[in-house]
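Everything quoted here is computed from the prediction, not taken from an experiment. Every chain is numbered from 1, with letters handed out A, B, ... down the list of sequences.
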Amino acid sequence: MSILIAILVLGGMCLFFGALLGYAAVKFKVEGDPLVEQLDALLPQTQCGQCGYPGCKPYAQAIANGEAINKCAPGGEDTIKKIANLMGVDVQPLDESHAQDNTPKVAFIIEEDCIGCTKCIQACPVDAIIGAAKQMHTIIADECTGCDLCVAPCPVDCIKMIPIAQTTHNWQWDLNRINVKTIDADDYSNKQSNNVKTNTTEEVNV
Amino acid sequence: MAFFIASSPHEHNRNKTSQLMRLVIYATIPGVFAQWYFFGWGNLIQISIAVCCALLTEFTVLSLREKPNGKAIKHQLFDGSAILTAVLLGIAVPALAPWWIIVIGAVFAILVVKQLYGGLGHNPFNPAMAAYVLLLVSFPVQMTNWQPPLSLMSTHLDFANTLSTILTGYTNEGYSVAQLRTHIDGYTMATPLDTLKTNLTLGLTIDESRKNMVFGENFALGWEWINLGFLAGGLFLLAKKAIHWSTPVSFLLSILIFTFIAYTINPGMNAPTMFHWLSGGTMLGAFFILTDPVSGATSVKGRLVFGALAGFIFVIIRHLGGYPDGVAFAVLLCNMAAPLIDLYTKPRTYGQINSNNTTKELT
Amino acid sequence: MGSILARIKQGRWWKFHGGIHPPEQKFLTMHKPIRNLPLPKVLVLPLKQHIGQKGDIQVNVGDNVLKGQPLTNSPHPMAVPIHAPTSGIITEIKNTLVAHPSGLSELCIFIKPDEKEEWVARHICQDYKQLSAQEILTKITNAGIAGMGGAGFPTNVKINTKVATKFLIINAAECEPYITADDLLMREHSSEIVDGIKILNKVLSAEQILIAIEDNKPEAIKALKKVTGSLDNFHVCVIPTIYPTGGEKQLITRLTGLEVPQGGLPSALGIVVQNVATCFAVADAVINDIPLIRRVVTVTGKALEKPQNVWALLGTPIKHLLTQCGYQKQSPEHLIMGGPMMGFSLPSIDISITKTSNCILAPSTKEIPKDNNEVDCIRCGQCADVCPSQLLPQELQWFAKAKDHDQLQKFNLFDCIECGACAYVCPSQIPLVHYYRIAKAEIRQQQQQDLKAEKAKARFEARKQRLAQEKIKREEKHRKAAEARKAAMNSNTAQAKDAKSAVAAALARAKAKKAQASDDNNDKKSQVSAAIARAKAKKQAKDGIATNKTTTAKTSDRLTKEKNADDQEVLDSITSSNTETTKPNTKKQNSNDNNNETATKEKVLTKAEKIALAVAKAKAKKAAENSSTHHTDSNLNSIDNDINNQNNTDDINAKKQRIAVAVAKAKAKKQQQSTESKNNQSKESS
Amino acid sequence: MSLLNTEYKEIAWQGLWKNNPGLVQILGLCPLLAVTSTITNALGLGLATMLVLIGSNVTVSLVRQWVPKEIRIPIFVMIIAAFVTCVQLLMNAFTYGLYQSLGIFLPLIVTNCTIIGRAEAYASKNPVKKAFFDGLMMGLGFALLLLVLGGIREILGQGTLFDGAQLLLGDWASSLKIEVFHFDNKFLLAILPPGAFFTLGFLIAGKNYIDAKVATRKPKVEEKTIERMRVNFDAQ
Amino acid sequence: MNISIQKNSRVLALFAIVCTAIVGIVHETTKNRIAIQKQQHLLNILHSIIAPERLNNNIYQDCLTITNAELGTVTPQKVYLAKYNDKPVAAAITTIAPDGYNGNIELIVALNMNDTISGVRVLEHQETPGLGDNIDERKSPWILSFNDKKIPAEKDSQWHVAKDGGIFDQFTGATITPRAVVKAVKKTARYFKQHKQELFNQKANCRGNS
């Protein structure tokens with residue numbers, strides 16, 4: 001008898017909870033994957049394709065589906081850390097095969113070599129190149145993400161990737177990098193020849 | 001010509017961590033002296049064993065951790081923190097505890113509590129107290145075998161005898177620790193705290209218990225003097241500004257308040273404040289353990305809360321706990337609470353105001 | 001307000017949290033008068049000597065300039081001009097080391113003085129009280145005055161507030177241990193300073209003027225009290241000496257008990273703070289029409305024989321100052337611009353004085369030793385005790401080391417004023433401020449990058465959308481054209497035939513032209529092919545490096561194949577990639593001039609993976625389709641060429657032929673489209 | 001066939017080392033830490049866990065086709081609970097001696113995350129045979145860890161091995177007891193739960209150390225060049 | 001939505017019913033055996049503290065439930081009466097020592113009619129392994145030291161652990177556990193001494209099942 005009661009009670013409860021879960025499954029179903037959006041927001045949006053996916057969003061999608069998190073070369077360690085944080089996995093070092101020199105760069109078109117073929121324009125994922133057929137092209141440096149996708153399509157190899165120079169604005173307080181040099185101040189005309197790097201940053205107190 | 005590049009500030013007041021540590025070590029001298037005077041050589045031997053073991057362990061771990069160059073290891077080895085830990089542990093263990101007790105304690109303190117957590121500055125617990133608790137929990141027999149004051153002992157305990165007891169368990173004459181602890185009339189001696197605890201469970205009142213001879217009369221037997229010694233050392237540290245006043249003051253005040261409440265409610269079952277202040281490791285804890293900056297709270301407000309909480313736990317353990325003294329446990333529990341205390345006592349940063357205030361004042 | 005004033009009058013000051021007492025070193029220079037220096041051989045003027053932007057250069061190399069002549073100009077309010085400190089010739093305009101902690105170069109103007117000190121035309125103002133606020137503002141702007149206390153905020157911007165000013169605070173606290181420049185200036189030029197203050201107050205019309213001065217400058221206090229004694233809304237506030245009272249926020253709290261809200265400016269409280277030296281410069285500029293071309297610099301430190309305050313022209317190389325003060329070279333040399341607490345090390349002796357350089361500190365090796373004994377933080381909390389911003393430096397350094405930017409911001413890193421008090425007291429000798437600076441720079445950069453990424457994403461999405469729309473439009477157009485042609489074919493009436501064929505012809509012509517434009521540009525042809533050949537040679541070289549496992553013979557073989565755009569090659573490469581498990585190669589199939597964009601330059605990338613089999617299959621399929629597309633494309637092109645030819649010869653009887661051509665073209669197009677769609681399908685399925 | 005073999009090898013490797021439920025997934029900590037004061041206790045809990053793990057894996061794998069995704073967790077929990085209860089009842093009835101010594105571990109197992117974890121992660125997606133093998137290997141991995149942990153703690157704590165084995169295995173097992181070394185004082189910390197945390201910590205550290213060593217010894221995998229994708233607008 | 005709800009609730013209920021049914025069936029089939037096993041186990045314990053040849057009644061059935069604060073606990077305890085030819089021989093009383101180091105210690109104390117202790121066993125405890133758990137007979141013979149001790153008088157200084165000046169050893173390092181056991185046994189023994197007659201006059205009222 002007690003078993004029968006147990007069966008009835010449990011059965012009834014399960015009917016109820018099953019119904020509840022069934023309702024919840026339909027009602028709270030998540031359309032799309034917010035995870036992908038979050039991941040996409042962490043990626044640097046260079047759309048460079050170095051990860052092996054055509055753009056940042058597809059890679060975000062792939063990570064959500066279990067792809068390795070260490071393939072974004074332009075994002076570097078920082079991005080990997082953030083993704084690891086979001087995904088709740090361990091931080092991994094950047095996958096060497098995807099690792100390129102990821103110092104920030106901008107593309108630059110050597111104007112005398114440009115034949116105006118527009119191929120780079122079509123390759124640029126962020127419309128950062130202006131120009132028209134048979135017209136010389138140029139790059140809007142501010143919009144360039146440095147993905148270097150325009151370099152390969154150029155038939156005349158007139159696009160160079162130039163590292164972004166360090167200025168007093170974007171300097172990161174790296175005291176070790178300061179070149180200590182002494183120049184003869186009295187005679188500035190001699191300056192060029194006298195430009196001796198003593199290369200003695202000493203033991204810098206950092 | 002070489003130029004020296006450094007980040008500001010270029011000037012520095014040249015206080016160093018190692019100096020701070022050294023100062024604290026010096027400040028233990030009065031207390032240790034009192035210990036030596038009333039209980040003999042035991043603790044001095046324990047301290048020296050502990051220091052050796054601690055330095056050896058520290059050296060081994062630092063070598064394994066491969067810090068950049070040999071100079072750095074030496075630098076870290078003698079920054080005083082390991083020595084201080086060892087000294088405190090040596091003070092805390094029973095004077096006649098066997099040598100392997102202090103060895104295990106010192107190694108555990110440095111290896112597990114300090115270095116496994118990342119070394120100096122990274123340990124969440126006070127290494128000396130964590131090691132003391134480990135020993136207390138693991139070897140209750142040895143750790144509760146307190147030697148009675150020299151004046152109450154039937155055997156004469158000189159340096160050689162003490163050393164022999166610590167190393168072999170027997171004096172040169174062949175007495176065991178248990179025999180050493182036996183009073184002339186055949187009664188095994190315990191510390192006042194222990195005696196009090198036992199007597200309370202037997203239904204005796206505090207006053208009855210205090211007739212026991214381990215309590216001595218008017219500071220005669222040394223426990224009070226040891227505490228006073230550490231108090232003196234603590235005051236020296238305060239004067240030197242090596243420690244902040246907030247923690248010891250709030251700790252002792254908190255003990256005062258809670259023991260006073262307990263004493264007022266039931267004087268028969270609760271010892272008076274003065275007894276708690278001057279027995280066990282109260283003063284050592286107040287000035288040398290709780291003030292350990294690494295495992296304590298940082299802001300003044302935080303330190304006040306920290307000390308008060310420690311005092312509360314201390315009183316609770318002494319009255320209700322299974323162990324006679326509660327300093328070590330109170331310290332560890334408060335160490336655990338320290339990050340939380342820090343979080344809730346975070347100071348208001350300059351300019352973080354609800355703008356109502358300022359505008360009101362101006363208009 | 002009233003209560004604040006009452007307290008000020010009683011001399012009871014408020015407290016700010018923390019602060020330190022570094023040992024006083026002012027005695028080195030405080031008893032000697034300000035010295036005038038001989039002209040240096042060269043003056044180096046950075047275009048930007050303040051916070052803000054640099055102006056546009058108004059002069060050229062070789063120009064003769066007069067003393068006080070503006071060298072830059074800009075309508076931007078944050079771009080204050082610079083002036084020639086003396087008359088002379090401009091020898092160079094180029095990048096050189098500037099007074100910045102980074103030791104990086106910025107654009108500078110080099111002036112070789114001619115020793116004549118010829119002034120540009122000046123208009124000395126007889127009575128500044130007659131001037132309107134706007135006139136004063138213009139004069140200050142044109143004189144190029146920026147805050148001379150250290151930060152260098154343009155003065156014209158700072159005093160041009162919209163909020164009614166209650167307090168004008170004159171910062172004469174000068175709390176850094178060595179610096180006495182303001183002290184001496186106050187002693188020697190107190191009346192000019194008060195003039196300057198009055199001028200400023202004409203613009204600000206503040207209710208009360210508080211001159212804040214630390215009690216370690218008794219003579220300056222005396223001098224100021226003497227000058228301001230008769231003025232009723234002037235208060236000389238003698239405040240206790242504690243570092244960093246000179247910090248703007250700390251000074252405000254000290255004097256008024258108010259706190260500048262987080263992220264806000266003092267002007268929100270109705271307070272403006274100006275440095276004494278700035279007041280002097282204002283007086284000079286408004287009354288004497290002397291722009292900011294010189295300043296008092298404390299040249300001090302035990303490495304000098306004669307440490308002293310000097311009048312230095314802006315642009316004077318430090319070397320000049322040091323030699324004048326008897327500099328004894330130390331090893332290693334350590335030069336600090338600014339005080340020992342907040343100044344920065346200089347990497348060279350040739351850096352010049354700017355508007356914000358108030359001190360050159362040349363300490364002896366003993367004076368500021370170079371020990372680097374950073375040990376781990378033991379959380380002693382001394383740093384938190386002295387932090388004037390009431391931050392938790394020990395927590396911040398922890399997060400900074402861990403690069404935990406979120407936590408750093410949560411712990412108000414950006415409220416740190418970098419005064420260095422924490423690092424000064426730290427027993428573990430942690431260079432805390434340095435960690436914060438790095439962290440701040442990183443966070444700022446991160447924020448910029450995030451912004452950039454956001455923008456890039458938006459542009460990427462926009463482009464995607466645009467391309468999708470274009471594609472739809474294109475297809476629509478093709479469909480219509482095809483329909484039209486079909487109709488033309490089907491119709492029997494000559495008229496319709498005529499019209500429709502005309503349309504078709506026009507379309508075809510346009511197409512042909514387009515094709516011509518992109519492909520058969522006769523003018524440029526040789527040039528282009530030359531360029532392409534060059535590029536190919538380059539790429540070939542690259543390929544040779546990249547695929548060092550394959551023999552050169554093979555490479556060249558492949559290249560010849562590529563030139564022919566042989567489909568077989570693609571298949572070859574794929575099959576070879578199947579068998580090659582060692583090293584995957586990146587292969588490029590180069591362009592065939594006659595093909596259109598997408599087909600011309602197809603990068604066939606192969607990857608040797610476990611699933612190579614499947615991938616290769618899919619690729620082979622794709623390649624096959626591509627090649628067929630390519631054929632249809634070339635068909636299309638040949639048709640286009642045909643049309644071209646026909647267009648060239650004016651042929652009336654070619655209608656039929658044209659129609660046939662159009663039909664063929666439509667067919668070809670259809671074929672192409674179908675292959676394209678197939679392509680897409682296969683892509684999707686793969 | 002060899003493919004199948006390697007698959008089973010992989011399962012075994014996962015269970016015993018690479019994905020060991022105790023050492024790597026750090027699951028089932030509560031029984032793991034509470035019960036491993038001696039090797040005998042460890043053996044008891046290990047056997048019980050293995051048994052239940054195999055049983056629940058097989059059962060879950062059997063019913064996996066009929067379980068809708070939304071309610072799989074409640075169902076797994078019910079299956080495991082029912083399974084454990086049945087085992088407990090049966091043991092109680094028929095092997096009372098064993099129940100006396102193992103019985104206290106059985107209720108602990110119901111809440112052991114390893115079991116629901118394997119049901120969810122493996123058994124619900126794989127055929128019975130594999131699920132059985134996975135249960136066996138995971139259980140074995142868990143049991144082995146428990147044995148090591150129990151062994152170390154027992155040696156450190158009281159200097160013996162297999163103390164009290166007769167309680168689990170019958171009277172003959174009392175001869176199993178090995179006195180490794182004798183000390184007058186037990187090292188209580190090793191026997192108490194903190195000792196279990198310390199020991200487990202060192203074991204995990206040891207495993208990571210070995211893994212790191214192996215990884216450095218392995219020759220570097222040949223460099224791959226990546227397939228750089230072009231952002232393809234036409235495909236969308 | 002309705003389909004999902006119906007399906008899920010049906011499946012879940014089905015599983016619940018099946019699982020519960022299986023458990024129920026197993027329970028039903030093993031119920032009796034388990035009871036027998038338990039009884040056997042208890043009997044074993046009883047026999048170990050009261051020699052089986054001393055009694056010839058069904059001790060397991062001759063059982064009382066009593067609640068008396070003098071036992072040191074207010075939870076109902078059991079008394080098993082041992083008789084030889086209906087003559088009282090001894091009684092086994094379960095009790096709880098509430099002040100163990102780690103909570104309650106459940107004991108069974110057998111007492112002879114001649115006011116001596118026949119035997120004591122620990123039924124359940126959570127004392128520190130390796131330290132307090134020596135009260136368990138399987139770990140240490142300490143518990144046997146109660147055997148044949150005389151029931152103590154009201155103020156008997158002997159009935160303490162050695163540390164408190166009594167005759168019972170404490171374990172090194174653990175005083176609390178043996179102290180608690182000694183105290184509980186003492187209380188039970190006193191209770192027995194005072195109430196033994198009325199215990200044996202009562203009718204068995206717990207029918208053996210626990």
Whether over 12 other heavy atoms sit under 6.0 Å from E:Lys183 NZ
no
Mind jotting down which residue pairs meet the side chain to side chain donor-acceptor pair (under 3.5 Å) criterion with at least one end in residues 13-36 of chain E? Sequence neighbours excluded, please.
none
Under the side chain to side chain donor-acceptor pair (under 3.5 Å) rule, what pairs show up with a residue in residues 81-92 of chain E, not counting sequence neighbours?
E:Asn56-E:Asn85, E:Asp62-E:Lys83
Which atoms form the tightest heavy-atom contact between [X] and [Y], and what is the distance?
| X | Y | result |
| --- | --- | --- |
| E:Leu12 | A:Cys14 | CD2-O, 3.5 Å |
| A:Ala19 | E:Ile5 | CB-CG2, 3.4 Å |
| A:Leu15 | E:Ser9 | O-CB, 2.8 Å |
| E:Asn8 | A:Leu21 | ND2-C, 4.2 Å |

